[in-house]
Amino acid sequence: MTERADRLRLLKYYTLFGFFVIGVVTVLLGQVLPILSSRLGLNDAEAGSLFLAQFGGSLFGTLFAVKHARRYGFVVTTLVGLIFMIAGLPGLNFSNFIVCWSAIFVYGVGLGLTIPAINLLTIETTPAEQQSSSINLINFAWGIGAICSQPFVLTISNGESLVMVTLLLDLALLVLAICFFSSSRGFVDHKADEPSVDMTNRIWHRPSAWLFILFGFFVIGIESGLGGWLTTYSESLPSRSINLTVIFFSFLVFGRGIASIVSRHLSEGLLISICSATLMIGIFLIVFGEGLATVGAAIAGLGTSAIFPTNMVRFSKIFGPTATRRATPLFISGILGSASLSWLIGIVSTSYGSLRIGIVVLLIAAAVVLILQAAIVLVFRKAL
């Protein structure tokens with residue numbers, strides 16, 4: 001028991017460091033998009049197709065994540081995902097659109113493998129009363145990485161070359177892969193074995209459960225859309241020195257730090273409702289608040305912060321602790337939302353000649369999130 005406890009303790013440190021690096025990689029495309037657009041001569045619609053590559057790869061990775069987890073465990077699944085990221089990132093340095101698109105798809109596969117594996121590993125190795133706090137903590141680490149992504153790219157790339165950016169990220173991922181490999185030797189983590197008799201077998205046979213699918217589609221889609229396009233949007237504002245992406249992720253991290261504390265005192269439904277309303281206000285200010293885009297980015301970051309991790313905990317409480325084994329559709333819906341909304345922003349922006357109008361897509365999505373949240377609270381009020 002002592003050896004297992006020591007390994008679990010090490011894994012917690014590895015997952016924190018891992019989610020920090022993964023946070024950098026997840027939002028990397030949004031930060032390098034101006035460089036890639038300039039090098040490859042892309043308009044907003046073509047640039048938006050690169051998000052389809054990343055999230056298409058993530059979808060592919062997530063579909064295989066559960067299969068690998070069932071056979072090898074969450075640690076080994078994470079290791080495989082890290083290898084995909086290491087292989088894909090160098091392709092950002094090529095001047096051929098197809099090569100770049102393919103490279104983004106490859107490291108997207110890695111993200112699709114590692115993000116659900118680490119989330120589920122955390123939930124299943126943490127006591128029920130600490131799950132909400134632990135999930136918010138690792139996603140706090142992800143947010144720190146997301147904050148560092150833009151200044152990291154700006155400092156290392158000098159606005160032109162991505163060679164050192166991808167090299168340093170690959171080195172960090174290699175160190176992380178070695179750590180996960182060493183922890184997996186002689187250690188069998190929780191595997192997604194099929195429960196013999198359990199209500200989770202029928203989760204997705206219940207039409208009401210699909211409210212969670214729609215909810216994840218729009219929530220993760222909004223977060224990805226903001227993270228992917230705010231750097232480009234910042235360049236169209238009068239005060240170009242202020243990067244809205246940094247503001248957004250700074251307050252997202254700040255919000256997750258607060259959420260890890262207040263989640264012990266508020267119900268999941270109330271916390272998500274507050275965050276959903278805050279998110280919509282923030283996006284409204286980004287789009288329509290004259291001179292208030294910075295404030296809007298900060299408010300949107302706070303609003304986004306706790307929705308996804310708290311929703312995962314809520315899902316587990318409603319459908320039982322083994323429901324995490326049936327959570328694949330939640331991750332898939334989030335990936336589809338990320339791909340769809342990020343791509344749609346580029347399409348609308350190119351069609352109307354304004355990225356501001358493109359971001360209205362996210363404002364509409366935020367309104368849908370509020371409606372879905374009210375529906376979930378109403379349908380599952382007895383279980384919460």
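Side-chain contact between Cys179 and Tyr13 is absent, with no heavy-atom pair separated by less than 4.5 Å. Counting heavy atoms from C-beta on, the side chains of Trp210 and Pro329 never come closer than 4.5 Å.
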Stepwise, does the side-chain contact (heavy atoms from CB on, under 4.5 Å) test hold for Phe249 with Leu252? CA-CA 5 Å; Phe249 282 116; Leu252 184 148; 4.2 Å; yes

For a side-chain contact (heavy atoms from CB on, under 4.5 Å) check, start with the C-alpha distance between Met280 and Val369, then their side-chain angles and the critical distance, and finish with the verdict. CA-CA 9 Å; Met280 186 172 180; Val369 166; over 6 Å; no

Residues Leu63, Ile332; criterion side-chain contact (heavy atoms from CB on, under 4.5 Å); working and verdict: CA-CA 8 Å; Leu63 288 172; Ile332 291 175; 3.2 Å; yes

Please test Gln373 against Val377 for side-chain contact (heavy atoms from CB on, under 4.5 Å), starting from the C-alpha separation and ending with a verdict. CA-CA 6 Å; Gln373 168 60 9; Val377 170; 3.3 Å; yes

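With no hydrogens or angles considered, a side-chain donor-acceptor pair links Thr245 and Thr231 at under 3.5 Å.
Note on residues 332-365: no pairs pass ring pair (Phe, Tyr, Trp, His ring centres under 6.0 Å), not counting sequence neighbours. Within the structure, the ring pair (Phe, Tyr, Trp, His ring centres under 6.0 Å) test picks out the following pairs touching residues 22-52 (sequence neighbours left out): Phe51-Trp229.
Cluster annotation: Leu50 is not connected to Phe94 through the hydrophobic network of ILVMFWY side chains, with a link wherever side-chain heavy atoms come within less than 4.5 Å.
Taking the ring centre of Phe215 as origin, the terminal cationic atom of Arg314 falls inside the region bounded by 6.0 Å and 45° from the ring axis.
Not counting sequence neighbours, the partners of Val253 by the side-chain contact (heavy atoms from CB on, under 4.5 Å) test are Phe140, Ile144, Ile147. With sequence neighbours excluded, the residues forming a side-chain contact (heavy atoms from CB on, under 4.5 Å) with Val109 are Phe60, Phe84, Phe105, Leu113, listed by chain and number.
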Atom pairs and distances, side-chain donor-acceptor, residues 163-175, under 3.5 Å, sequence neighbours left out:
| residue | atom | partner | partner atom | Å |
| --- | --- | --- | --- | --- |
| Thr166 | OG1 | Asn93 | ND2 | 3.0 |
| Thr166 | OG1 | Leu162 | O | 3.0 |
| Thr166 | OG1 | Val163 | O | 3.0 |

Let me have the donor-acceptor pairs involving side chains of residues 354-363, under 3.5 Å, with sequence neighbours excluded, atom names and distances please.
| residue | atom | partner | partner atom | Å |
| --- | --- | --- | --- | --- |
| Ser354 | OG | Arg356 | N | 3.3 |
| Ser354 | OG | Ile357 | N | 3.4 |
| Arg356 | NH1 | Tyr233 | OH | 3.4 |
| Arg356 | NH1 | Val287 | O | 2.5 |

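Between Ser349 and the choices Asn43, Thr232, Asp44, the side-chain hydrogen bond (donor to acceptor under 3.5 Å, both in side chains) rule is met once, by Asp44.
Proximity of a side-chain donor or acceptor of Ser224 to a complementary backbone N or O of Gly221 within less than 3.5 Å is not detected.
Ring geometry, Phe288 versus Phe284: the interplanar angle falls from 30° to 60°, so the pair is classed tilted.
Of all heavy-atom pairs spanning Glu46 and Gly41, the tightest one is OE1-O, 3.8 Å.
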